[in-house]
Every structure is written in structure tokens, then in C-alpha cells.
Participant: 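Pasting a structure below so you can have a look.
Order of the sequence lines sets the chain letters (A, B, ...), proteins ahead of strands, with each chain counted from 1. All of these numbers come straight from a predicted model, not from anything done at the bench.
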Amino acid sequence: MNSKIKFAGIFFLFISFFIVFYYALKSDTKNNTQIMVGTRLPNIQLSSLFNPIQKISLPSSEKENFYLINIWSSWCVPCRDEHPFLVKLKNEHQIKIFGINYKDKTSNALDFLTKLGNPFYYVGVDSDGSKSIEIGGYGVPETYVINADGIIIFKHVGPINSTTFEKIVATIK
Amino acid sequence: MKNFLFLLIVFLLNQQDSFALFSQDREIKIYKNIRCLACQGQSLNDSNSDFANDLKKVIKEKLNNNETDQEIYTYLTARYGDWILFDPPVKKSTLLLWFFPVFILVIGIFILYKRTVFEKSKLS
């Protein structure tokens with residue numbers, strides 16, 4: 001009888017450990033950058049890159065089905081790579097893009113837009129990175145698709161490439 | 001009276017110092033519990049990356065606005081998920097993680113107790 005209890009105890013412990021390790025192995029132990037997708041974009045206020053007196057608030061109050069938010073900087077090399085995709089999104093899909101210029105020098109940012117074209121409907125300044133953190137940003141570049149209710153429906157960390165471009169187009173259709 | 005005033009001033013200055021130390025300790029404690037998501041396995045306290053410095057500034061501002069540790073953690077997990085915390089919060093999904101070791105300890109103590117009682121009764 002005693003040995004039966006001992007066996008049951010050891011068996012129970014073994015099963016318990018098995019369950020714990022099984023779930024530990026299966027659990028998501030990586031950073032999930034999509035945590036804010038499906039939630040409302042936190043309110044942020046941005047001053048314009050072109051005219052610091054002019055301010056806007058996001059989520060946008062304009063009646064748009066979808067709009068984009070792109071965090072960029074002139075010193076960020078991947079931002080240069082993704083820029084043609086932003087221009088294409090604006091020209092071919094007529095989507096409004098709100099840019100957040102991240103920790104940049106105003107003159108460099110303006111120079112960047114003059115040379116590569118300005119696909120942005122509005123460019124706001126985030127001089128200390130706090131606005132990007134408010135919306136759950138990691139750095140540059142980063143792109144969000146927001147719907148009319150101010151809900152984040154798509155988020156991409158890193159530069160837009162052709163695959164991401166297609167995904168964005170499919171999302172805003 | 002003069003002596004009393006002098007002592008009072010020294011006491012108040014000392015209090016201010018310990019308050020500053022306390023708030024600095026609290027700030028570092030929070031930084032140590034936050035993972036720098038742009039670095040490899042470093043806490044905010046160990047990192048000097050852009051992301052870590054931005055986050056430190058935001059946290060400092062929240063501390064100055066008298067927000068509680070819990071409010072700061074809730075703010076961060078809403079934006080970056082539980083992964084940003086080194087100490088996972090007690091939730092339904094982490095219950096096993098938090099209480100399984102305690103459960104095993106209780107079983108161990110129970111077995112030890114039973115054995116001791118058994119040995120004692122054997123001796124007597």
C-alpha cells in the first residue's frame with residue numbers, strides 16, 4: 001500500500017513537471033511587436049516640421065477610412081530605402097500619411113524631403129522620442145495603418161519592402 | 001532655542017537627502033525590472049541605447065508626476081506586452097509559474113513531516 005502511494009506521488013510529480021515544461025516550451029517568449037494592433041491609437045499631439053506653431057492631434061479627426069502613420073528620420077538609412085514605397089502609396093492609393101520625424105535636425109529633415117519627395121500629408125516632430133513611445137514605437141522606421149475609428153489595424157516595425165507594401169495595400173482596400 | 005533650530009534644520013536636510021535616495025532607488029528598481037527591447041538581454045538600467053534612454057525619460061517624467069510603479073508597468077505592458085517586464089505579472093496564464101514552486105515546497109514539507117512522525121513512532 002505504502003509503495004503504491006509513493007509510486008502515485010512520483011508519477012504525479014513527473015506529470016506536473018511535464019505539464020509545466022511543456023507549457024513553458026510552447027509559451028511565447030519572444031517580443032510581440034503586434035501587441036497594440038486592434039487597440040485604439042493613444043492620443044498624441046504633434047507640432048508641424050514646417051511650422052512649429054501649427055499643431056495636430058492623432059488619432060486624426062478627419063473622416064478618412066484609413067490613414068498611415070510613419071516614423072522616420074533623415075539619419076536612418078532604412079528610411080531612405082522605404083521612402084519610394086511611401087511616395088507610391090500616396091500617389092497610387094491616395095492615402096494620407098502622417099509622418100513623425102524622430103529625433104532629427106529640422107534642416108536635415110527638410111533636406112531629406114526636398115531631395116526624395118514629400119509623401120506626407122502632415123509631418124509632426126518628435127524631438128525626444130516620447131511621442132513614438134506613447135504609440136508603442138521601438139525606433140525608426142515604423143509604420144501603422146489606422147482606421148476611421150482610430151484603431152491600429154496594421155503595424156510594421158522596420159522598413160517597408162515590396163511584401164509589406166502589398167500587405168498595406170491589401171489592408172486599406 | 002538656537003540649538004533646537006539648528007537640529008531641526010539638520011534633521012530636515014537629512015530627510016530631504018534620504019527622500020532623494022529613496023526616489024533614486026525606486027527609479028533604478030523600475031529600470032532593472034524593464035527589458036530593453038532593442039538590446040540583447042539587457043535591462044533598461046544596463047543599457048544606453050536610444051530606446052532605453054527614451055524610455056528612461058518617459059519613466060522619470062511619470063515618477064515626477066507621482067504615478068505608482070503599477071501605473072508605470074501598466075502603461076508599458078499596454079504598449080509593449082508583458083515581455084517588457086523581467087518579473088512577469090501574476091495573471092491567469094502565469095499562475096502555474098508563480099505557484100508551482102510553492103506547491104512543490106508544501107508537498108516536500110508534508111513528506112518530511114510524515115517521515116519524521118513515522119521515524120518517531122518507530123523509535124517509541
Participant: Is it the case that over 12 heavy atoms from other parts of the model lie below 6.0 angstrom from the NZ atom of A:Lys96?
Facilitator: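 Counting other residues, nucleotides and ligands, NZ of A:Lys96 exceeds 12 neighbours.
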Participant: Measure distances from A:Gln34 to the heavy atoms of chain B and classify the residue's part below 4.5 Å as side chain, backbone, both or neither.
Facilitator: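 Neither part; nothing is under 4.5 Å.
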Participant: Distance check, rounded to the nearest 0.5 Å: A:Ser132 atom OG versus B:Leu55 atom CG?
Facilitator: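 So the OG of A:Ser132 and the CG of B:Leu55 are separated by 11.5 Å.
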Participant: Tell me if the CZ atom of B:Phe118 is crowded by more than 12 foreign heavy atoms within 6.0 Å.
Facilitator: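 No, because the 6.0 Å sphere around CZ of B:Phe118 holds 12 heavy atoms or fewer from other groups.
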Participant: Is A:Phe66 reachable from A:Ile146 through a run of I, L, V, M, F, W or Y residues, each pair having side-chain heavy atoms under 4.5 Å apart?
Facilitator: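 The answer is no; the residues belong to distinct hydrophobic clusters.
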Participant: Hydrogens and angles aside, do B:Asp54 and A:Tyr102 bring a side-chain donor and acceptor to less than 3.5 Å of each other?
Facilitator: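 Yes.
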Participant: Check step by step if side chain to side chain contact (heavy atoms under 4.5 Å, CB included) holds for A:Asn32 and B:Trp83.
Facilitator: CA-CA 8 Å; A:Asn32 179 9; B:Trp83 180 244; over 6 Å; no
Participant: In terms of hydrophobic clusters joined by side-chain contacts under 4.5 Å, are A:Tyr67 and A:Tyr121 together?
Facilitator: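 Yes, same cluster.
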Participant: A:Gly9, A:Ser16, A:Gly129: which one forms the most heavy-atom pairs within less than 4.5 Å of chain B?
Facilitator: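 Greatest number of close heavy-atom pairs with chain B: A:Ser16.
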Participant: Hydrophobic clustering (ILVMFWY, side-chain heavy atoms < 4.5 Å, transitive) - are A:Ile152 and A:Phe154 grouped together?
Facilitator: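 They do not share one cluster, since no chain of ILVMFWY contacts under 4.5 Å joins A:Phe154 to A:Ile152.
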Participant: Among the options B:Ile84, B:Ile104, B:Ile107, B:Val58, pick out the one with the most heavy-atom pairs lying under 4.5 Å from chain A.
Facilitator: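 So the answer, after comparing B:Ile84, B:Ile104, B:Ile107, B:Val58, is B:Val58.
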Participant: Using the rule that Ile, Leu, Val, Met, Phe, Trp and Tyr join whenever any side-chain heavy atoms are under 4.5 Å apart, tell me whether A:Leu86 and A:Leu110 fall into a single cluster.
Facilitator: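 Hydrophobic grouping puts A:Leu86 with A:Leu110.
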Participant: Are A:Asp128 and B:Lys57 ion-paired here, with the side-chain N under 4.0 Å from a carboxylate O?
Facilitator: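 A salt bridge is absent here (no side-chain N lies under 4.0 Å from a carboxylate O).
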Participant: Tell me whether B:Arg79 contacts the main-chain N or O of A:Ile135 through its side chain, where contact means a donor paired with an acceptor under 3.5 Å.
Facilitator: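 Not confirmed, B:Arg79 side chain does not pair with A:Ile135 backbone.
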Participant: Quick one: does any side-chain atom of B:Tyr80 pair with a main-chain N or O of A:Gly137 as donor and acceptor, under 3.5 Å?
Facilitator: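 Yes, because the side chain of B:Tyr80 sits within donor-acceptor range (under 3.5 Å) of the backbone of A:Gly137.
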Participant: Do the rings of B:Phe103 and A:Phe12 sit parallel, tilted or perpendicular, given the 30° and 60° boundaries?
Facilitator: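 Ring orientation of B:Phe103 relative to A:Phe12: perpendicular.
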Participant: With clusters defined by side-chain heavy atoms of hydrophobic residues (ILVMFWY) lying less than 4.5 Å apart, directly or transitively, does A:Ile71 cluster with A:Leu116?
Facilitator: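 Different hydrophobic clusters.
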Participant: Report the distance from atom CD1 of A:Ile35 to atom CG of B:Asp82, rounding to the nearest 0.5 Å.
Facilitator: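 The CG atom of B:Asp82 is 7.0 Å from CD1 of A:Ile35, to the nearest 0.5 Å.
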Participant: Does any heavy atom of chain A fall under 4.5 Å from the side chain of B:Leu76, the backbone, both, or neither of them?
Facilitator: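 For B:Leu76, neither part sits under 4.5 Å from chain A.
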Participant: Would you please test A:Ile133 and B:Tyr75 for side chain to side chain contact (heavy atoms under 4.5 Å, CB included) and show each step?
Facilitator: CA-CA 10 Å; A:Ile133 283 177; B:Tyr75 172 88; 4.0 Å; yes
Participant: For B:Glu61, does the CD atom sit with more than 12 other heavy atoms under 6.0 Å from it, leaving out its own atoms?
Facilitator: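 Open.
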